[in-house]
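A note on names: the letters A, B, ... follow the listed sequences, proteins ahead of strands, and every chain is numbered from 1.
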Amino acid sequence: MTKSPMLRVAGLAVAYGGIRAIKGIDFEIYGGETVTLIGANGAGKTTTLRAITGLVPPVAGSIHLNGRDITGATSFSLVRQGLAMVPEGRGVFPQLTVSENVAMGAYIRDDKAEIARDVERVFSLFPRLRERAQQSAGTLSGGEQQMLAIGRALMSRPKLLLLDEPSMGLAPVIVQKVFAVIESIARDGVTILLVEQNANLALRTSDRAYVLESGLITIAGKSADLLSDPKVRAAYLGE
Amino acid sequence: GKEEPKPAAKAAAPAAPESITIRIGHVGPLTGGIAHLGKDNENGARLAVDEANAAGIKIDGKAAKFELIAEDDQADPKVGTTVAQKLVDAKVAGIVGHLNSGVTIPASEIYNQAGIPMISGSATNPQVTERGYKVTFRVVGRDDQQGPAIAQYLSAERKPKVVGLIDDATAYGEGIANEVEKTLKAAGIKVLPREKGTDKTTDWKAVLTKVRRGNPDAVFYGGMDATGGPLLKQSRELGMKAVFSFGDGACTNKMSELAGPAAEGMICSQAGLPPQAASKKFLDAYKAKFNVEPILYAPFTYDAANLLIAAMTKANSADPAKYLPELASISHAGATGKIKFDEKGDRKDAEITIFTMKGGKIEPTAVLQGGKSTKFDDFIKAAAAAAAPAAPAAAEPAKDEAKK
Amino acid sequence: MTDRLLVCDGLAKRFGGVHALDGVSFAIERHAIYGLIGPNGAGKTTLFNLLTGIYTADAGRMQFAGGTIDGLSPDRVCERGIARTFQNIRLFANLSVLENVMIGRHVRTKAGVFGAVFRTRATQDEEARIERRAHELLDYVGLADRANDIARSLPYGEQRRLEIARALATEPHLLALDEPAAGMNSTEKAALGELIKRIRTDGVTVLLIEHDVKLVMGICEHILVLDYGKQIAEGVPEDVRRDRRVIEAYLGTVGDDSIKVAT
Amino acid sequence: METFLQQLFNGLTLGAVYAVVALGYTMVYGIIQLINFAHGEVVMIGAMVAFTIITLLANSGLPPVAIVLIGTSCAIPVCMIVGYALERIAYRPLRNAPRLAPLITAIGMSIVLQHVAMMVWSRNNLAFPQIIKTETYDIAGASVTNIQIVIVILCLVLMGGLLWLVHRTRLGISMRATAQNPRVAGLMGVNINREIAITFAIGAALGAVAGVMVGSYYGIAHYQMGALLGLKAFCAAVLGGIGNVPGAMVGGLLLGVIEALGAGYIGDLTDLCAVPWLFAGLAARCAAGEHISLFGSNYQDVFAFLVLIAVLVLRPSGLLGERVGDRA
Amino acid sequence: MPHVKSQSHHLMRSPVLAWVGIALIAVALIALPFALAQIGTAWVRIANLAILFALLALGLNIVVGFAGLLDLGYIAFFAVGAYCYALLASPHFGLHLPFWLILPIGALVACLFGVLLGAPTLKLRGDYLAIVTLGFGEIVRVFLNNLARPINITNGPQGISRIDPVSIGGIKFNTTGKVFDLAISGPMKYYYLLLIVLIIAIVINIRLQNSRIGRAWEAIREDEIAARAMGINTTQIKLLAFAMGASFGGIAGGIFAAIQQFISPESFVLVESIMVLSMVVLGGMGNIWGVVAGAVLLSFVPEILRYTVLPVQNALFGRAIVEPEVIRMLLFGLALVAVMLYRPAGLFPSAVRRRELAKADARLPA
Ligand SMILES: Nc1ncnc2c1ncn2[C@@H]1O[C@H](COP(=O)(O)OP(=O)(O)OP(=O)(O)O)[C@@H](O)[C@H]1O
Ligand SMILES: Nc1ncnc2c1ncn2[C@@H]1O[C@H](COP(=O)(O)OP(=O)(O)OP(=O)(O)O)[C@@H](O)[C@H]1O
Ligand SMILES: [Mg+2]
Ligand SMILES: [Mg+2]
């Protein structure tokens, strides 16, 4: 991986009403990688993702996607540049049906035939969604909603997929399933930035990782190295 | 910008130190649902004031310069009292207004305490003058004068067996409808249960359908033209053939604009003599000055303002205490006919004129006075004969008008 | 006879065509930590909602501390001594941490309009007691230095603990916790486990919904497993963990191994 | 029976007018959960613009229907601009403000729009030129005019069109998605601001149509006409379940019919003479053929509101509104 | 992390200073009508109306600001209070009960109406509640407007006139009296009466807000389900809010009837409810001082414009270019918009509202 990074975050700082949640962080993600961001509650993981997707304006720093400056860009324009996010809490459209939710994922696309093929792919990744295609998304169980959110994000054919705590509130069986899917997406060449509390699982799934502490990146390295780092083990793996 | 520029006053002031400025207040709603009527009233008063200024009236030996202070009471009693106090503070010599009875009543408390005469040109509720205030006058007919008059005319001329009554649930509409009902019942005519809308109702079909069920020969509506027009139009759409009659609120040419051909043949009443009858001069002057037709009560506020000015001239003083007795005993030939006040401050022997819609215009057909109905033409002739020397200006042009 | 604090018998609840709960019966002993697990959509939260009067059951009976709580409104249930936290945190987000806990005292205090308006002696004393107790509870869950912060500004984990403090303020016999560890990392989960144990030691019975198997298995004496509204297993953690149906529906096919991965 | 049928037609026409205005409220509410209190003023502006055009062309010799169509097609863009401006000025900056803040700006904008209209079109009641000949048809003894029929049909067509738009088009789905979660919709590539602006414009266009409808049916326009109409339509939208397109329709029609039947029958229902044993004292007057009703058509609004309250107490989110169960 | 301090802490910091401040304000408030009368007695009346509206706004603030229940029919309680007074102290029924007796009756009856409104609407939220309360307000007005037949109770649209002015201990409030050599006009007397009532109302409001009841209101406003789960009987506590708010309205209505000496249903229209709500929101919902400020501001601004628009135009252009009342209304409307745009939580937001606003991403998922 000697090419220029797909996503480059430099000196990023974000504040909520004067209080800095992110205090200047730098990191990059190269095409095809899966990168994990771990950190305690309130460390600023979600905030980092929000800043990248244009949901909160940064107070300092820059974000480049494929070499283009996207700092402060609106989220809808980023989607057209290949970015997709599975937000914290899934964010399905509760009153739309599962199918309509999936269709919303392809909002920016016009190629009807290809869209149909992708819908098929999502449904074969998550057969459960096919069963529930005409049900309102709000009535799905938590795990199903998580599948829907991931499937929906895939519909835009993202080059970079951001996942915010995909395992939160899920039963262990579903967690396994979701991670299996993430791995399969990664194998298909999608670049992934994964935010997880379940550090163990996340580090096993990813290539590289960053540790965020109170708005600053304190540790960076290969996921496997972090898994065996005693500091990480003590703080995030509960040992 | 209909207001007169006032550079003349500035220029005149140093040249003639002997001049006094006399303020006359006018209050009516200039914003809100009936703001057009408020403006119309204000125009009437303004015309009178401008005419008085042009006439160069002298009071107490000084050149009197009348100034009209026009205020907006928003047809809201609360605002009405505030504005009334504002005028009292401004030391006005007299007030023309307010438009609504509901605002006039509380405001008159304030004028009464300040001892400033107030003449309303449009407040028809009996309560306005029933509280024994010496300074409260009106030049418009009371509901209990107008209502009986139109009812009498209706029953005498059209001889209906059943009459439907509708009102707009306002003090005015309900008040006049109540009086009509009393008179009709007294005449032994069957009156259908009262139906009501509001002063903003535009869809009258439900109410009319109900009235239609009682097969009335005539219908009376107590309310304004804005609601009366649609009512009339919709009654014809429902196939009703009854004669429709209205009080002064809907006695305007607007009715034919709003109701179209459906308005033809409707009858309505106005207090006093119509401008056509009493003073064409007013009509012409109004049109010349404001470039619009008067809507409804402008002739009355014109008269009201003139009455104040006349009383001041007679008393040779703009001090309310001094000219009030003159006002109370005044006899004045105004745009709406002859005006005298009774002891309550109401118009004495007020004539009520009945109009009929003909060819899209309301035309006077009869005059009622003291319970007696006279054909309009006859009345004009009689008046011309009797009062030719006294008020030629008032009667002559009217005759022309009537002949047309 | 053991001292049974809560006895539920044949509870059922439907939403349209969904049988969220379908004939669930169980009993919780006083001073126990009782676990409630099951796949997503199994009906765990629904059970809490029935228990606390937010929904009324279609069928079944609930006995609490010797009396029935069927059909009671949430506030009456709370008065009887059941307090809860919410899966998706429901703090009074714009109020201060202290105020949140003080509101929890509402049900155990009684000053009315008269007392408030005339600031009677009794009311003033009561206010002082409320505030003192609220501070004690904040101290208990480790939020003493957060008293004046706005609830919303707390990190997730602290918000969860604040919810617990607020619930404890109502002086419950039974504390029902709905996924209190969601979104916490392992270290934080461990600390939460300690807190729960302490609450039990101090005399409050705990009913716990949690997806973190390690935590549940670690602190619960007894576990009830729901799936599609039905109870599929009940018993001590060791047994539940080995139950085939539980492994299939909830823990995952790899059985014990998955527990390690998942934690 | 005739009377009943007549009242039903009366109510349906009135209801259709409410429904079209209500659709405007519902569109906007549906997407940003905001009551566009200035919508009544948009309707008023629509009526006023149409009035101006129709008056100008009244004597042009064009066929009346063409004139009305031209009037409508002028009113629609003007109203769309007004609707868009409202959103830009009064609502967009407050999207994250406390819920009641946009309510106050809406009231402010209503006042402003009314008085601008007053400057442009005067304080007077404006009489719409009655260029379209009113034809009256007799249907089973009830009179119905051509305009009434057009209004009801137009209303149904508009609703059908909106339903299609909202449920069958990509714009519609993304509008609903934006309504439910604007930020996530943004993450799907939806330009939320554009989406909301379009919704306002559509709502305003509906307002324009409603304005022309009201103006030409009742024959009158006034700078304050929007207030009451807006209020009634808003009630209709809530009755049906605000945010729900068929709900606005059902609510509007229902409110219209309730008002008509209320006006028509409250008097009969509360006729004290119907229960002579209850009020013996009135016997003499009743015998004289008098009807002494406790309540009359004057209570039609009370009746309408009571029905509204009853419906909401039984169905707290309106007749067709989604019951968003507050999950704990 | 931002720290919250209750507002009273600032005042308490130095009790001596606080008392000096209070004394100064008291002197200013007592002297105010004399100063206003110098410009014109109309200003005293405007001040009276402003206080009256402040009373209403304080009452509505309990419902909207404290308990978070949107009420668009609040003026109905004002109407009930006013009609209570009018019916019990006017020639209409020939009753002339004393002021101090009617006022509590009015408050009580309004309170009953508050419960009447509250009871069926407890389950409704937000905009649905708004529409029901709006309907309630209209229902009350329509009844007042029509209860003239078959039995005449309210005298219908004609209204009730010749209502007794306030008279306490033989002092008539509608006429000018003398204290030492100082002429005290009717409006001035009412000013002092209203001021006293207002101060009492403010004290009650403050005490309620910082009480167990006040906290319960805050709780149901923030999250009703959580509040219920915390043992708050939301039915009772909401009804209490409606009842308390309504009594304030009832008292204000009674005084209004006495000052006006004439009332009719047209004073109690929807626009008035909206006006009071605007005062509450614009001033700063939930903040007692903000609400009072909102009422004073919205009462005074149109009147100030009334006095200034014409002279300003004359000074600038030599004549009125645009009719003054149109400008007045335009400016008023624009002012409402501008204030909300620049201060979305109101002019003097309560601490809680400020925090709500700080939550910039209000609808961001979890
Ligand atoms: N909308 C907001 N307003 C104010 N402060 C916020 C907001 N969102 C987050 N914060 C604060 O910013 C900091 C970082 O929050 P963030 O949500 O990014 O953390 P996180 O690492 O994603 O934590 P979690 O594991 O709880 O999701 C925290 O202190 C949080 O309290
Ligand atoms: N208010 C409601 N309306 C409709 N369906 C509901 C409602 N509440 C719960 N359900 C349904 O009932 C079932 C059980 O839901 P519940 O919230 O109890 O699950 P849970 O066991 O708590 O799941 P999770 O672990 O994901 O929180 C689900 O299918 C859910 O969709
Ligand atoms: Mg996060
Ligand atoms: Mg749950």
Do you know which two heavy atoms are closest between [X] and [Y], and how far apart they sit?
X: Leu258(B); Y: Gln130(D); result: O-NE2, 2.7 Å
X: Lys233(B); Y: Ser216(D); result: NZ-O, 4.0 Å
X: Met118(D); Y: Leu30(B); result: CE-O, 3.2 Å
X: Ala263(D); Y: Ala206(B); result: CB-CB, 3.7 Å

Proximity breakdown for Lys200(B) and chain D, heavy-atom pairs closer than 4.5 Å: both
Contact origin within Arg212(B) toward chain D - heavy atom pairs under 4.5 Å: side chain
Can you tell me how far the [atom1] atom of [X] sits from the [atom2] atom of [Y], to the nearest 0.5 Å?
X: Leu14(D); Y: Lys205(B); atom1: CG; atom2: NZ; result: 10.5 Å
X: Leu208(B); Y: Ser297(D); atom1: CG; atom2: OG; result: 10.0 Å
X: Arg123(D); Y: Ile295(B); atom1: CZ; atom2: CD1; result: 9.5 Å
X: Asn124(D); Y: Lys39(B); atom1: CG; atom2: NZ; result: 11.5 Å
X: Thr136(D); Y: Glu237(B); atom1: OG1; atom2: CD; result: 6.0 Å
X: Lys232(D); Y: Asp203(B); atom1: NZ; atom2: CG; result: 9.5 Å

Residues of residues 162-180 of chain B with any heavy atom under 4.5 Å of a heavy atom in chain D: none
So, [X] side chain and [Y] main chain: donor-acceptor pair closer than 3.5 Å or not?
X: Tyr223(D); Y: Gly32(B); value: yes
X: Gln6(D); Y: Thr209(B); value: no
X: Glu257(B); Y: Ala127(D); value: no

Winner by heavy-atom pair count (cut-off under 4.5 Å) against chain B, out of Asn125(D), Leu229(D), Thr13(D): Asn125(D)
Relative to chain B, which segment of [X] carries a heavy atom at a distance below 4.5 Å: side chain, backbone, both, or neither?
X: Glu135(D); answer: neither
X: Leu228(D); answer: side chain
X: Gln114(D); answer: neither

Heavy-atom pairs under 4.5 Å with chain D, option from Glu195(B), Gln234(B), Arg236(B) with the top count: Glu195(B)
Greatest number of heavy atom pairs closer than 4.5 Å to chain D - which of Pro261(B), Pro230(B), Ala35(B): Ala35(B)
Asp138(D), CG atom: more than 12 neighbouring heavy atoms under 6.0 Å: yes
